[in-house]
Number of protein chains: 2
Amino acid sequence: MCPLKKNPTIYDVAKYSGTSISTISRVLNSPDKVNVETRRKVSAAIDALGFVPKAEARARALRLNGRIGVMTPFFTAPSFVQRLRGIAGGLSKKNYDLVIYTVDSVDQLQSYLSSLPLTGNLDGLILMSLPIEDVAVNRLLKHHIPTVLIEFPHKKLNSVEIDDIGGGRMAAEYLVAKGHRRIAFLGDTDLPEYSIHPVSLRLVGFRQALQEAGITLTDEFVRLAPYTMEQTRQVAIELLSASNPPTAVFAATDFQALGMLKVARHLGIKVPEQLAVIGFDDLDMAEYADLTTVRQHLDESGRLAIEILLSHIADNSRPVQHINLPLNIVERITA
Amino acid sequence: MCPLKKNPTIYDVAKYSGTSISTISRVLNSPDKVNVETRRKVSAAIDALGFVPKAEARARALRLNGRIGVMTPFFTAPSFVQRLRGIAGGLSKKNYDLVIYTVDSVDQLQSYLSSLPLTGNLDGLILMSLPIEDVAVNRLLKHHIPTVLIEFPHKKLNSVEIDDIGGGRMAAEYLVAKGHRRIAFLGDTDLPEYSIHPVSLRLVGFRQALQEAGITLTDEFVRLAPYTMEQTRQVAIELLSASNPPTAVFAATDFQALGMLKVARHLGIKVPEQLAVIGFDDLDMAEYADLTTVRQHLDESGRLAIEILLSHIADNSRPVQHINLPLNIVERITA
DNA sequence: TGCTAAACTGAAAGTGCTTTCATAAATCGT
DNA sequence: ACGATTTATGAAAGCACTTTCAGTTTAGCA
């Protein structure tokens, strides 16, 4: 009869639609729990009255804001994306907003980390592949923001990690077992300075295991290229067209392994006969390319991260968790 | 005695300072109405407990940072990711929070669309590859939420689109010009029912152009497979191992083109000599695979969407824009 | 000293929404 | 057809604060 009141509340909507406030609340928050017919009536009432739920009241009743933040290096790397997918998947149906903060400098990271906790409108935070200083850790702790780190552990915060050194070793052992002696390493350099460099750890493990097999990794066989297809190709070409090229290459990321494969293809080098290539990550496209690789379950790492986060939001007295995800070699055909 | 509780409220402060919550509230809101001595005690308690009124924090945060929402189909498709990257890039340094909503059913889309404009505190919204009904459009308009649609235009809302039909034509013309007559189409079926299906449009254009070249696309040469590598392979195998296989295939997405290439490789079919493959999208990995493809600039679509959105947020009287992004063929080596 | 106005303060009633719990209705197996 | 579930709904108890209102001090002033 008389729509457009000043500021309709759920009480008004309830009256108008002939239901109760609980029902209104339900159609707003979990529509599937409301009979479709009732839902329709309520929606109509909401529209008719121009009802707008007040975020403040909601946050108060819920004792949380329903927002979880994810900070990630500006996602150029496919692996970040797959992790993000895991996070989004684990969060769907959970009634939390997913707020993405892309970081592209150490300054920005710092400033996010110093202001975000204070604004008090995040219920939890996930840091992907970002290093965090003690000061920032303490700030998060002090403000009781549940936090999960992916790929960059800190003893006081939850984390989901992998054993990069071990992964490097696995790659080395695999190639050695296949009989290779002339083995090269292809890594990237330009993960931005503020970001942890798991690639270096992979190199450490790789070198160790080779050492133990009596093989010395010479400088000539350790190549680093910025994380772009073009630069990777450049380095790959140098490596492969040397006078005495390697018979096997461990690329510290699948992305670079793919670059390597492309170069090999163009140079007419047969894979795996003349050149074995093993990658690291097991990106989606690794399967397409039949790339043998050290698999870390990227999606899973994201999924685990929110699981931990949500459980800590629900009960913030839970002890800190450090989860170590297993690695394994996926043997396809490039090595 | 025991400061640092989880989340101090005014009740805690009241107890700690031996006053009542009303007094705390007054100290916060109108200090001059509180006896200076009491005020001092309360302030001390506030400091000791590290009390931050939640509502205030929220309000401040909401003023300081704007929020842009992006709704996307649950991003399994690489193309969504690349668009998202464009969006994030265009938004960095802009002092807006990026809130991601992943949609995986038509119900969820509806419910987001009916509640987000109201409850979401969003300054603007981008819908990626999602169809939107008139009702929802009107709701957005009514609540003055600037919106940009990507890949699914609506006359009343801003949009960034491409000419899918034209793209299909380009592919056909390209293949015909190369002398092919036996040409097949590989599309996907399982873009979830709620999502627009640009692939069908590509097929329409493709068929048209073939027709004009005097070639009829038979049903046998139109194959649809769900959007997974496995299913795509299955269909590709059927197609290629038929008694009279096609000499060229247009895959409606690069992802499927890659699946096709993989199958061809496994069957020992030479590309492009025995089989030409052309894709659509120009994903990152298309370059790696040397895939000839119809390029749409995915990153750019996201960036443009954000630009339009921000300009409309700044001045909501601007007229609706419909931007049409150009397509072009990137000739690499698979076709 | 007695009486009133001014200055404080706390109890309690909102505020708009969520959620638990109990009840009522509908669906099902047999 | 009948108890057993399952599903849908409403009543009512929070949630973290603000504000009103009445009560208690205190101060002011004959």
Side-chain angles (χ1 to χ4, degrees), chain A residues 5-43 45-46 49-67 93-97 119-121 123 143-144 313-316, chain B residues 5-46 49-62 107 111 114-116 118-121:
Chain A
K5 196 182 149 191
K6 54 245 169 148
N7 266 329
T9 72
I10 47 175
Y11 291 91
D12 301 316
V13 180
K15 201 169 301 166
Y16 188 93
S17 65
T19 66
S20 78
I21 59 165
S22 330
T23 301
I24 314 302
S25 175
R26 259 177 229 118
V27 341
L28 256 28
N29 299 296
S30 39
D32 43 316
K33 304 209 166 197
V34 176
N35 183 292
V36 60
E37 176 56 22
T38 317
R39 187 161 66 205
R40 208 194 43 66
K41 273 195 311 199
V42 170
S43 301
I46 289 180
L49 297 180
F51 166 67
V52 179
K54 309 233 160 181
E56 186 213 324
R58 180 165 202 275
R60 173 163 27 97
L62 282 172
R63 277 159 315 171
L64 42 73
N65 325 270
R67 298 163 40 109
K93 296 293 179 194
K94 288 291 189 179
N95 236 346
Y96 277 92
D97 282 357
T119 64
N121 65 162
D123 299 312
H143 289 269
H144 305 99
I313 289 173
D315 173 5
N316 64 4
Chain B
K5 199 183 148 194
K6 44 222 165 175
N7 266 327
T9 73
I10 49 173
Y11 290 91
D12 300 315
V13 180
K15 200 170 300 165
Y16 189 92
S17 65
T19 66
S20 79
I21 59 165
S22 330
T23 302
I24 313 301
S25 178
R26 267 187 289 262
V27 171
L28 260 26
N29 299 300
S30 41
D32 44 314
K33 304 210 170 203
V34 177
N35 182 292
V36 63
E37 177 56 20
T38 317
R39 188 160 66 207
R40 208 196 42 68
K41 272 196 312 199
V42 170
S43 300
I46 288 180
L49 297 181
F51 168 71
V52 178
K54 255 194 169 178
E56 181 191 317
R58 253 190 72 79
R60 193 187 31 186
L62 289 178
D107 270 359
S111 95
S114 62
S115 62
L116 269 188
L118 316 175
T119 206
N121 298 104

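Each chain gets a letter, A, B and so on, in the order the sequences are listed, and its residues count up from 1.
- Contact annotation: A/S22 does not reach the phosphate of D/dT9 (side-chain N/O to OP1 or OP2, under 4.0 Å).
- To the nearest 0.5 Å, the span separating OG1 on A/T23 from NZ on A/K33 amounts to 13.5 Å.
- When rounded to the nearest whole Å, the span between CD of A/E37 and C1' of D/dT7 equals 16 Å.
- Distance NZ (B/K41) to C1' (C/dT9): 11 Å, rounded to an integer number of Å.
- Considering CZ of A/R26 and CD1 of A/I21, their distance stands at 10.0 Å, rounded to 0.5 Å.
- Between the CG atom of B/N29 and the P atom of D/dT18 there is a distance of 5 Å, given to the nearest Å.
- Atoms CZ (B/R39) and P (C/dC8) sit 9 Å apart, rounded to a whole Å.
- Set against C/dC17, D/dT9, C/dT9, the side chain of B/T38 has C/dT9 as its closest nucleotide.
- Mapping A/Y11 and A/S20 onto DNA chain D by nearest heavy atom places A/S20 at the nucleotide closer to the 5' end.
- Of the candidates C/dA12, D/dT9, D/dA12, C/dA12 carries the atom nearest the B/I21 side chain, counting heavy atoms from C-beta on.
- Annotation: the span from B/I24 atom CD1 to B/F51 atom CZ amounts to 8.0 Å, rounded to 0.5 Å.
- Atom NZ in A/K15 sits roughly 19 Å away from atom C1' in D/dT9 (whole-Å rounding).
- Out of C/dC17, D/dC17, D/dT19, the shortest distance to the side chain of B/S25 is found at D/dT19.
- The nucleotide whose nearest atom lies closest to any side-chain atom of B/F51 is, among C/dG16, D/dC17, D/dC15, D/dC17.
- If you check every strand for non-hydrogen atoms under 4.0 Å, A/R60 touches a base.
- Look at A/R58 and you'll find a side-chain N or O under 4.0 angstrom from OP1 or OP2 of C/dT18.
- To the nearest 0.5 Å, the span separating CD1 on A/I46 from CG on A/L28 amounts to 5.0 Å.
- Nearest heavy atoms, B/G50 versus B/P8: O-CG, 4.1 Å.
- When distances are taken from the side chain of B/R26 to each of C/dC8, C/dT18, D/dT20, the shortest belongs to D/dT20.
- Residue A/I10 is classed as a base contact, given a heavy-atom separation below 4.0 Å to a base.
- Nucleotide C/dC17 holds its C1' atom 13 Å from the CZ atom of A/R63, rounded to whole Å.
- Between the CG atom of A/L64 and the C1' atom of C/dT19 there is a distance of 13 Å, rounded to whole Å.
- As a whole-Å value, the separation of A/I24 CD1 from C/dT19 P is 15 Å.
- The B/N35 side chain lies nearest to C/dC8 when the options are D/dC17, C/dT18, C/dC8.
- Among the nucleotides D/dG10, D/dT18, C/dG16, the one closest to the side chain of A/T19 is D/dG10.
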